[in-house]
Amino acid sequence: MSATVETRDTVETLTADKYKYGFTTDIAMEEFPKGLNEDIVRLISAKKNEPDWLLAWRLKAFALWRKLEEPAWAHITHPPISYDELYYYAAPSGPAPKSLEEVDPALLDMYEKLGIPLNERAALAGVAVDAVFDSVSVATTFRETLAKAGVIFCPISEAVREHPELVRKYLGSVVPIGDNFFAALNAAVFSDGSFVYIPKGVRCPMELSTYFRINARNTGQFERTLIIADEGASVSYLEGCTAPQRDENQLHAAVVELVALDEAKIKYSTVQNWYPGDAEGKGGIYNFVTKRGACRGRNSKISWTQVETGSAITWKYPSCVLQGDGSVGEFYSVALTHNHQQADTGTKMVHIGRNTTSTIISKGISAGHSNNTYRGLVKIMPNASGARNYTQCDSLLIGDQCGAHTVPYIESRNASAKVEHEATTSKIAEDQLFYCRSRGLSEEDAVGLIVNGFCKDVLKELPMEFAVEAQKLLAVSLEGSVG
Amino acid sequence: MLEIKNLSARIGDKDILRGVTLSVPDGEIHAIMGPNGAGKSTLSYVLSGREGYEVTGGEVIYNGQDILALTPEARAAAGMFLAFQYPVELPGVGNANFLRTALNAVRRARGEAELDAVAFLKLARAALKNLSMQDDMLKRNVNVGFSGGEKKRNEVLQMALLQPGLAILDETDSGLDIDALKIVAEGVNALRSPAFSALVITHYQRLLDYIVPDKVHVLAAGRIVRSGGPELALELEAHGYAGLEVA
Ligand SMILES: Nc1ncnc2c1ncn2[C@@H]1O[C@H](COP(=O)(O)OP(=O)(O)OP(=O)(O)O)[C@@H](O)[C@H]1O
Ligand SMILES: [Mg+2]
């Protein structure tokens, strides 16, 4: 372990901007040389003592990535990303800690400050956390409690070693390595992430959560999450994300794969609060993420809930492939953009099995000079008789410099399917603001209240503790958006 | 004590208030009557600081302080309250949450301790009971799907909780059935004290049977054209506004 580690907080960042997670942590790091080539891929694989099959899988992904191009269809713009200038691996130096006691105190401190105490006694009741710092998982709490229930919750690098049969069977089975540019990149260089397996008939006894923290400069974060709920199993999983405030943009290209077998249920919630950049649009995370769930089993259910307030760019479409008859997909989303943030987010619901149903509730809030796009696809395959979808997309505009766009695609190849789509665009009305203010609320509190009201149908899907956090986050993220 | 001196205001380039002068001493309730479009609601908005209403002259002093430069929220903190003629709907915002946020904002501004959820609920339930309102009003979204009468009662509920020093009631009686009218009037009368004053805007003498005003003013074409005692309301009820507007 690095002996002398001090945590220096750039406290001025807390006051200069509203982003209170913008501090950096000084810690001895090991980084691979910058740039991306086969050698880097081999290095990452070797660093993790990976089996040959996984190295081969990565190299294949890398070869595919070389041939792919960045998708250009999203409603976002950014200067070209120089993939050769990035670091693809950064981790606290020294051997990996085997238990919480071995984790660098500076890291524990940092998580404490982020409101995620890793010490089990201080931890949020009923929530087990996997903490991912730059490229590696630094701690996973409550593993023993979970193990008693037969639940596996560990870093994916460890799962590769301990549960190779599960990883090999499911990794890349939902998001194929060549799915898209960013997914291929992730497959080639992913360094860590969380792995969850809930055995047959088990209801996971705790909320599971991963907390992602980008710290190192010029380093991409490429984590990979794989969650499998076996027959009749159920789990609720939450991810949170923050990053320091820096002037350069940083790339985050994650992949999340969910698999639900017969009668299984997975609820996946995200509160994404990566550094959004400053008021002029400088800095911030480029968040290009591929999330997909496969409802493989009969009557299985996958529910995505996301509250996206951070990142300079958000490009993500958590989707459901509804293969099992009677399976259910849900997508509840709040995407808030302010200043110069850009979000192009939505979902794909692919109905394959019979009597499959999906629900999409999307709430977009745009303020400042930001751009916010909902992009969604509802696809009904020929055999999906009795399929149903309900989509509701609401946009709320604050000020007149921002943009809101709704791009719904519907493809139905089964005449018995029912697809409903509703969309609204509104502004925070002057009379609503005045009404609140005449009751003593400041303009910002009034906006916060109205926005939270607008998002209520989504926020109520979040686990309790996180709903409260998300509400505060929405209000804070909009500070300075009016007046 | 509220003193309005020669107040003029416009919306866009349309002059609405043309020199309103009026004072309401502490402890008094004054009624304002006047034809549709006379500027009564405009006066209430100007007093509460709504944007889009440009004050072109005059001043408004409340408790010795010129309030025209204050934000709406600062006026609320100073003790002013407006019961809206058309209460505004806030979709997705629970009434209890709204009331508590408002109450705590005002308490904070006045240097009082904030109320936690339990203390607030106790207070709110008692206030509801006084107004013969159902508890489920707290769970519903602010004014969303409320009947006209429920909206007005909700305004009075807010007033009862916020305990203003000066209440401006803009046609709070419109749309109320006779029982509700009495309840609302009781709500106002319950606040009566030497530290409370009110401006009650109404079209109907009926309300003034229950809230007996110290003075009645007639606002027409942006000016106070007549003032008198409670008997003025009876006279207006009998003869209408004919002949008043020319003044
Ligand atoms: N936003 C606005 N833009 C233009 N004119 C307005 C606006 N609001 C009010 N007015 C005009 O100002 C005048 C006064 O309106 P106000 O609502 O104050 O009348 P009032 O006395 O309250 O009437 P009522 O008894 O019908 O409630 C009316 O002629 C009205 O049309
Ligand atoms: Mg009016």
Side-chain angles (χ1 to χ4, degrees), chain A residues 307 332-334 336 361-365 392-400 422 424-462 464 467-468 470-472 474-475 478 482-483, chain B residues 41 44-53 70-95 97-110 112 114 141-144 151 154-155 157-159 161-164 167-168 170:
Chain A
V307 175
Y332 299 99
S333 169
V334 170
L336 180 154
I361 310 281
S362 160
K363 306 277 178 176
I365 302 133
Q392 187 189 326
C393 289
D394 299 318
S395 305
L396 185 68
L397 298 166
I398 301 173
D400 49 14
E422 287 176 26
T424 66
T425 299
S426 53
K427 288 197 160 208
I428 291 192
E430 181 275 332
D431 63 347
Q432 293 179 323
L433 277 180
F434 174 61
Y435 190 64
C436 294
R437 295 178 74 188
S438 77
R439 299 302 183 248
L441 274 67
S442 68
E443 195 164 22
E444 284 181 346
D445 287 349
V447 169
L449 199 72
I450 293 166
V451 166
N452 273 304
F454 173 75
C455 300
K456 191 178 191 173
D457 291 342
V458 173
L459 297 178
K460 72 176 177 14
E461 297 295 326
L462 284 175
M464 239 330 240
V468 176
Q471 277 178 21
K472 287 191 204 138
L474 287 175
L478 279 172
V482 286
Chain B
S41 293
S44 73
Y45 291 143
V46 171
L47 292 178
S48 333
R50 185 167 192 163
E51 273 168 34
Y53 292 75
L70 301 182
T71 59
E73 56 269 33
R75 298 184 202 200
M80 297 176 66
F81 178 88
L82 168 62
F84 283 54
Q85 181 174 0
Y86 304 107
V88 178
E89 299 186 359
L90 301 177
V93 180
N95 214 15
N97 182 25
F98 178 67
L99 289 168
R100 186 155 82 96
T101 309
L103 182 56
N104 280 335
V106 166
R107 288 180 70 100
R108 226 174 16 245
R110 293 174 188 165
E112 297 166 19
E114 293 189 28
N141 292 336
V142 179
N143 295 325
V144 177
K151 283 185 180 169
N154 201 33
E155 294 292 287
L157 172 69
Q158 294 177 41
M159 179 178 75
L161 286 169
L162 294 175
Q163 297 272 320
I168 303 159
D170 191 357

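Predicted model only: the values in this text are computed from it and were never measured.
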I need the [X] [atom1] to [Y] [atom2] distance, nearest 0.5 Å.
X      : Y      : atom1 : atom2 : result
B/Y86  : A/D431 : OH    : CG    : 13.0 Å
A/S438 : B/M80  : OG    : CE    : 10.5 Å
A/Q471 : B/N97  : CD    : CG    : 7.0 Å

Given that the side chain runs from C-beta out, which part of [X] has a heavy atom under 4.5 Å from chain A: side chain, backbone, both or neither?
X      : result
B/E51  : both
B/N141 : side chain
B/R50  : both

Next on the checklist: For the interface with chain A, which of B/R108, B/E155, B/E89 has the highest count of heavy-atom pairs at distances below 4.5 Å?
Outcome noted: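 That would be B/E155.
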
When only pairs under 4.5 Å are counted, which of B/L103, B/T101, B/T71 shares the most heavy-atom pairs with chain A?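 The candidate making the most pairs under 4.5 Å is B/T101.
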
Heavy-atom contact with chain B under 4.5 Å, split by part of [X]:
X      : answer
A/D457 : neither
A/Y435 : both
A/C455 : neither

Requested in this report: Would you name the heavy atoms of A/F434 and B/G49 that are closest together and state the gap between them?
Outcome: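 So the two residues come closest at CE1-C, 4.0 Å.
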
* Is there a side-chain contact between A/C436 and B/L90 (heavy atoms, below 4.5 Å)? ->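 Yes - at least one pair of side-chain heavy atoms lies under 4.5 Å apart.
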
Discussion item. Please check: side-chain N/O of A/R439 versus main-chain N/O of B/E73, any donor-acceptor pairing under 3.5 Å?
Written reply: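 Checking the backbone N and O of B/E73 against the side chain of A/R439, no donor-acceptor pair under 3.5 Å is found.
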
- Task: Select, from A/L449, A/L433, A/L459, A/D445, the one with the greatest count of heavy-atom pairs under 4.5 Å involving chain B.
- Result: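 Heavy-atom pairs under 4.5 Å are most numerous for A/L449.
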
